Amino acid sequence: MKTIITSLLLLVAQFAFSQSRSASWFQKEIGNLVMCKVDYEKYRSFAESDPDRYEEKRDSSYQEYLGQIDKIKRNAEQFLKYIDTAANDPELVEKTLPYIHVNTTLPFDPNAYIISRHDLLRVIKYSLLERDDTMLPERLDDIPIAIKRDRYKPFKPQSIEDITKDRIKTENN
C-alpha cells in the first residue's frame with residue numbers, strides 16, 4: 001500500500017512541479033540578458049577611463065552576462081518554442097529596448113542603439129541558440145540578419161545656422 005501511495009505521489013508531483021514556464025518568465029530572462037549586456041558594456045567603457053574604480057564591477061557584470069547567456073542556452077528548447085510562438089506577436093515589433101550602452105547625456109541616433117523585442121528574439125535565436133555563439137553581437141551593425149533600423153527620424157546634429165534660425169524665430173514671436 002505504501003509503495004502505491006508513494007508511486008502516485010511521485011507521479012502527481014512530476015506533473016505538478018514540471019518545468020513549464022510562462023511567457024512572462026521568458027520575457028523577464030530576455031530582459032535580464034539585455035540589461036546584463038548593456039551593464040557590461042557600460043562598465044567596460046568606464047573601466048577604460050578609470051580601471052582602479054570600475055575593473056571589479058566590469059568583471060562582475062561580465063560574469064552576470066555570461067551567466068544569463070548560459071541560463072538561456074541550458075533551456076534552449078524552451079526558449080526556441082517561446083521565440084517561435086512570440087515571433088507572431090505584432091506587439092513585439094513596436095516594443096523597443098536599448099541593445100547597446102549609450103551615454104544619454106550627449107545627442108545620439110537611437111536607430112544605432114535601439115532594437116525591437118521581435119528583432120531581439122530573432123538575434124537571440126540565431127546567435128545563441130542556432131550558431132551557439134558565446135555572446136550576442138556587440139553592435140547592431142554586427143548582426144548578420146536583417147533588422148528594422150529606421151524607427152526614429154535620422155539623427156542630425158544642429159549646426160550654428162540651425163541654432164540661430166531657432167533663436168530668431170523665438171525672438172520674433
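Numbers here are sequence positions counted from 1. Here the structure is a predicted model, which means the values were calculated and not measured.
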Other residues, nucleotides, ligands: >12 heavy atoms within 6.0 Å of Y62 OH: no

Nearest-0.5 Å distance that lies between atom CG in D119 and atom CD1 in I114: 12.5 Å

Minimum heavy-atom distance between S116 and L92, given as atom pair plus value: CB-O, 3.9 Å

Over 12 non-hydrogen atoms of neighbours within 6.0 angstrom of NZ in K73: yes

Gap between atom CG of L129 and atom CG of L121 - 0.5 Å precision: 10.5 Å

Partner set under ring-ring contact (aromatic ring centres under 6.0 Å, His included) for Y82, not counting sequence neighbours: F26

Polar side-chain atom of S127 near backbone of I124 as donor-acceptor pair, under 3.5 Å: no

Which residues share a side chain to side chain contact (heavy atoms under 4.5 Å, CB included) with R53, sequence neighbours left out: D50

Residue list, ring-ring contact (aromatic ring centres under 6.0 Å, His included) with Y65, at least two apart or on another chain: none

Distance in Å, T96 OG1 paired with Y113 OH, rounded so as to fall on 0.5 Å steps: 15.5 Å

Inter-residue atom distance D89.CG - H118.NE2, 0.5 Å rounding: 9.0 Å

Derivation of the side-chain contact (heavy atoms from CB on, under 4.5 Å) call for T85 and K81: CA-CA 6 Å; T85 57; K81 287 178 187 174; 5.8 Å; no

Spacing of H101 atom NE2 and K42 atom NZ [to the nearest 0.5 Å]: 7.0 Å

Heavy-atom side-chain contact between E41 and E138 under 4.5 Å: yes

Value rounded to 0.5 Å, distance of CE in M135 from NZ in K37: 9.0 Å

Verdict with supporting geometry, L136 and L33, side-chain contact (heavy atoms from CB on, under 4.5 Å): CA-CA 9 Å; L136 290 171; L33 173 68; 3.8 Å; yes

Taking every non-hydrogen atom, the tightest pair across Y40 and R58: CD1-O, 3.8 Å

Least distance between heavy atoms, V34 atom then L120 atom: CG2-CD2, 3.3 Å

Same apolar cluster: L97 and I100, side chain cutoff 4.5 Å: yes

Atom of E29, atom of I72 and distance for their closest heavy-atom approach: O-CD1, 4.5 Å

In one Ile/Leu/Val/Met/Phe/Trp/Tyr side-chain cluster, 4.5 Å: V38, V102: yes

Hydrophobic cluster identity match, Y99 and Y126, side-chain contacts under 4.5 Å: yes

Evaluation steps, side-chain contact (heavy atoms from CB on, under 4.5 Å), between K125 and D84: CA-CA 9 Å; K125 179 180 178 180; D84 289 340; 2.8 Å; yes

CD (E56) with more than 12 external heavy atoms under 6.0 Å: no

